[in-house]
Amino acid sequence: MISEAEKAIGYTFKDKSLLKRALTLASASEDNNQLLEFFGDAILEFIVSERIFREESSEGALTERRKNLVADSALTPVSEKLGLDKLLIRAKKDNFNKKAIPSAYEAVVAAIYLDGGMDAAKKFVLGTLDFKKVKGVNNYKGALQELLQSKGEQPPEYMSKDIGTPQKHRFSVTVKLFGRKFTGEAESIKNAEQLAAKKALDYYDKH
């Protein structure tokens, strides 16, 4: 079971007992994952915060984005995709609640950190969380910025103007990249920026 779990998460433990503990629910043993879950939550928030802090212009926006990325609703599908829900160790009569599934992810983060250090924990988190999602919407701005940074280029500059009326605002946002202009229009500057970034990414993918 441990080797199966290691294969699922893509990390080989030096101390196998850490992984076993990360997957053990309180109903099965006193040596369970509750403390690892607590520690893993803090490590996860740090890794996510470090990863996204350049993407937003305000503390409020960063807090909201981090909250969306580490919420149970976001971690549950990630944990299930890794198969952690099927690897949990529990008592025979324990029909574990849904909280156990995202908690297992947090516990595994802590276990990896304790076994292999921060670099190993970061590799796991950055390789499994989907940072392109914001409230279920693709974060095209973030994806575009990542693409440019990977090529050693500066972040894109978005030029916006209000093309609506005093009664109903509508914004046009343009970004210049790849020798072209890409424009998005929406009722908010933020959404218009996302649309412009999506057009730039679509162009890049096709060319």
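Just so it is clear, the structure is predicted and the values come from calculations on it, not from any experiment.
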Report, as yes or no, whether the 6.0 Å neighbourhood of atom [atom1] on [X] holds more than 12 heavy atoms from other residues, nucleotides or ligands.
X: Met159; atom1: CE; value: no
X: Leu126; atom1: CG; value: yes
X: Phe124; atom1: CZ; value: yes
X: Lys16; atom1: NZ; value: yes

Open item on the list: Could you report the tightest heavy-atom contact between Ala91 and Ala28, atom names first, then the distance?
Closed with: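 Distance-wise, the nearest heavy atoms are N-CB, 3.9 Å.
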- [ ] Taking all non-hydrogen atoms of both residues into account, name the closest pair between Gly184 and Ala196 and its distance.
- [x]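 Minimum heavy-atom separation between Gly184 and Ala196: N-CB, 3.7 Å.
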List for me each residue that meets salt bridge (Lys or Arg N to Asp or Glu O under 4.0 Å) alongside [X], sequence neighbours excluded, and say none if there are none.
X: Lys168; result: Glu187
X: Arg90; result: none
X: Glu153; result: none
X: Lys199; result: none

Contact check, side chains of [X] and [Y], non-hydrogen atoms, under 4.5 Å:
X: Leu195; Y: Glu185; answer: no
X: Lys123; Y: Ile112; answer: no
X: Ile47; Y: Leu129; answer: no
X: Tyr158; Y: Lys190; answer: no

Task: Name of the residue among Leu19, Leu114, Thr24, Ile43 meeting side chain to side chain contact (heavy atoms under 4.5 Å, CB included) with Leu36 - done: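 In the set Leu19, Leu114, Thr24, Ile43, the residue that makes a side chain to side chain contact (heavy atoms under 4.5 Å, CB included) with Leu36 is Leu114.
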All N/O donor-acceptor pairs, side-chain side in residues 170-180, below 3.5 Å, sequence neighbours left out:
{"unit_1": "Thr174", "atom_1": "OG1", "unit_2": "Thr183", "atom_2": "OG1", "d": "3.0"}

If hydrophobic clusters are built from ILVMFWY residues whose side chains come within less than 4.5 Å, do [X] and [Y] share one?
X: Phe53; Y: Val48; answer: yes
X: Val70; Y: Met118; answer: yes
X: Phe46; Y: Val78; answer: yes

Taking atom [atom1] of [X] and atom [atom2] of [Y], what is their separation to the nearest 0.5 Å?
X: Thr12; Y: Ile2; atom1: OG1; atom2: CD1; answer: 12.0 Å
X: Ile189; Y: Gln194; atom1: CD1; atom2: CD; answer: 13.0 Å
X: Ile163; Y: His169; atom1: CD1; atom2: NE2; answer: 12.5 Å
X: Ser29; Y: Ile89; atom1: OG; atom2: CD1; answer: 9.0 Å
X: Asn33; Y: Leu18; atom1: CG; atom2: CG; answer: 12.0 Å
X: Asn32; Y: Leu88; atom1: CG; atom2: CG; answer: 12.0 Å

Donor-acceptor pair, [X] side chain versus [Y] backbone, under 3.5 Å?
X: Asp115; Y: Lys14; value: yes
X: Arg65; Y: Phe131; value: yes
X: Glu6; Y: Phe13; value: yes
X: Ser79; Y: Leu84; value: no

TODO: Could you go through the ring-ring contact (aromatic ring centres under 6.0 Å, His included) check for Tyr203 and Phe182 one step at a time?
DONE: CA-CA 9 Å; Tyr203 175 84; Phe182 303 95; 5.5 Å; yes
Which donor-acceptor pairs under 3.5 Å do side chains of residues 100-110 form with protein atoms, sequence neighbours excluded?
{"unit_1": "Ser103", "atom_1": "OG", "unit_2": "Glu37", "atom_2": "OE2", "d": "3.2"}
{"unit_1": "Ser103", "atom_1": "OG", "unit_2": "Lys99", "atom_2": "O", "d": "2.7"}
{"unit_1": "Tyr105", "atom_1": "OH", "unit_2": "Thr128", "atom_2": "OG1", "d": "2.6"}

